[in-house]
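Some notes on the structure that comes next.
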Amino acid sequence: MKLENTAAAMPQQGLSAADLVFVEEVEGNVTRLMPIYQSSYPHRVEPVRSARTTDIDILPMFGKPLLVYSGVASQVRPKLTKASIRLNSNGARDSSRVAPHNVYFNLAKAAKASGLSTSKDIGLRFAAKDPLVSKAPAQPKVAVRVGGDDFTFSYAAGRYRPSWNGRPYTDSGKPVTAANVLVVKTKSVPDSYKDPAGNPVYKSLSTGSGKLALYRNGKKLNATWQRSAPNKPFRLRAAGGKQLHLAPGKTWILLQA
């Protein structure tokens with residue numbers, strides 16, 4: 001799903017059920033969230049916003065997943081309809097929120113659509129214990145800037161608690177938490193069109209290769225990533241080429257230019 005990530009959007013509903021949460025830069029120094037749901041489907045997720053070209057490069061590695069969104073720019077629509085992605089933009093409006101920050105979906109209902117594919121292996125590996133973790137330096141607080149937004153993740157009681165520009169993410173009054181934070185160093189390039197305010201729209205490149213940092217168990221591990229095409233999985237390698245293992249649980253993936 002595509003979720004808005006501004007002060008007007010908070011608190012987002014249904015975010016805590018996501019297995020993965022991608023953070024993308026879009027335009028005007030603004031970021032968007034793309035939570036991925038596979039093990040749990042909330043009856044209400046909001047506020048849903050528009051798709052971007054970045055999504056077209058990320059989602060085909062899952063197979064042919066369903067993308068739930070609220071709209072798309074005319075420059076992006078042809079690319080989106082040709083991609084290996086199922087589409088659903090038939091949301092409803094929440095009268096308690098002000099438009100355009102009020103589109104919501106019943107994801108449990110949307111997930112029952114016929115013909116949805118089984119997810120492919122996207123390359124992430126999980127292990128409760130890893131010798132590399134015991135040797136890694138402690139870092140209980142993570143600070144990451146994506147676009148014009150500051151994200152922090154504070155580690156306590158075995159989980160990271162994410163915040164956006166100093167505001168903790170909550171869902172139905174409870175903190176959103178994660179077991180892993182992956183900061184993927186990438187490039188953010190102009191996507192050849194501008195938003196209605198004249199800001200250039202950016203695309204985060206998730207194919208190619210580069211450095212990354214994995215934060216798990218209050219530790220930091222430096223590693224590298226590689227992905228050869230939009231329909232191919234990630235390859236995450238620690239020092240010496242060893243497979244990088246995430247802690248079992250929910251994961252935030254920040255695409256940082």
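The side chain to side chain contact (heavy atoms under 4.5 Å, CB included) with Tyr37 is formed by just one residue from the set Leu20, Val68, Val45; it is Val45.
The six-membered or imidazole ring of Trp164 lies away from that of Tyr169, with a centre-to-centre distance of 6.0 Å or more.
With hydrogens and angles left out, the side-chain atoms of Asn180 and Arg216 include no donor and acceptor closer than 3.5 Å. Defined by atom type and a distance below 3.5 Å, a donor-acceptor pair is present between the side-chain atoms of His245 and Asp130. Under 3.5 Å, the side chains of Gln243 and Arg237 contain a donor-acceptor pair of N or O atoms.
Atom-to-atom distance recorded for Arg49:CZ and Glu4:CD is 4.5 Å, nearest 0.5 angstrom. Here the OG-CG distance, from Ser163 to Asp149, works out to 12.5 Å after rounding to the nearest 0.5 Å. If you take CG on Asn106 and NZ on Lys112, they are separated by 8.0 Å, rounding to the nearest 0.5 Å. Note that CE of Met10 and CG of Asp171 are 11.0 Å apart. Values are rounded to the nearest 0.5 Å.
Residues meeting the side-chain hydrogen bond (donor to acceptor under 3.5 Å, both in side chains) test with Ser134, sequence neighbours left out: none. Under the salt bridge (Lys or Arg N to Asp or Glu O under 4.0 Å) criterion, Glu25 pairs with no residue at all, not counting sequence neighbours.
At a threshold of 4.5 Å between side-chain heavy atoms, the hydrophobic network of Ile, Leu, Val, Met, Phe, Trp and Tyr places Ile36 and Phe105 in two separate groups. Residue Val142 is grouped with residue Phe151 when hydrophobic side chains (ILVMFWY) are merged at heavy-atom distances under 4.5 angstrom, including chains of intermediate members.
What you find for Asn102 and Ala99 is that their closest heavy atoms are OD1-CA, 3.5 Å. Considering all non-hydrogen atoms of both residues, Val184 and Leu212 come closest at CA-CB, 4.1 Å. Considering every non-hydrogen atom in both Pro230 and Ile56, the closest pair reads CB-O, 4.2 Å.
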Pairs of donor and acceptor atoms involving the side chains of residues 202-210, under 3.5 Å and at least two apart or interchain, shall be tabulated with distances.
residue : atom : partner : partner atom : Å
Lys203  : NZ   : Asp57   : OD2          : 3.1
Ser206  : OG   : Arg227  : NH2          : 2.7

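When atom types are taken as modelled, the side chain of Thr31 and the backbone of Val23 share no donor-acceptor pair closer than 3.5 angstrom. At distances below 3.5 Å, not a single donor-acceptor pair connects side-chain atoms of Lys250 with backbone N or O atoms of Ala179. Not one N or O on the side chain of Thr170 forms a donor-acceptor pair closer than 3.5 Å with the backbone of Val176. In this structure, Asp19 contributes its side chain and Ser39 its backbone to a donor-acceptor pair below 3.5 Å. With hydrogens and angles ignored, the 3.5 Å screen pairs a side-chain donor or acceptor of Gln256 with a backbone N or O of Arg145. With Trp225 contributing its side chain and Lys185 its backbone, the two residues share a donor-acceptor pair below 3.5 Å.
Note on Arg93 versus Glu46: no salt bridge recorded, every NZ/NE/NH1/NH2 to OD/OE distance being 4.0 Å or above. A salt bridge does not link Arg52 to Asp191: none of the charged side-chain nitrogens sits closer than 4.0 Å to a carboxylate oxygen.
Summarising the local packing, CZ of Arg86 is surrounded by more than 12 heavy atoms from other residues, nucleotides or ligands at distances under 6.0 Å. Other residues, nucleotides and ligands contribute only 12 or fewer heavy atoms inside 6.0 Å of the NZ atom of Lys232.
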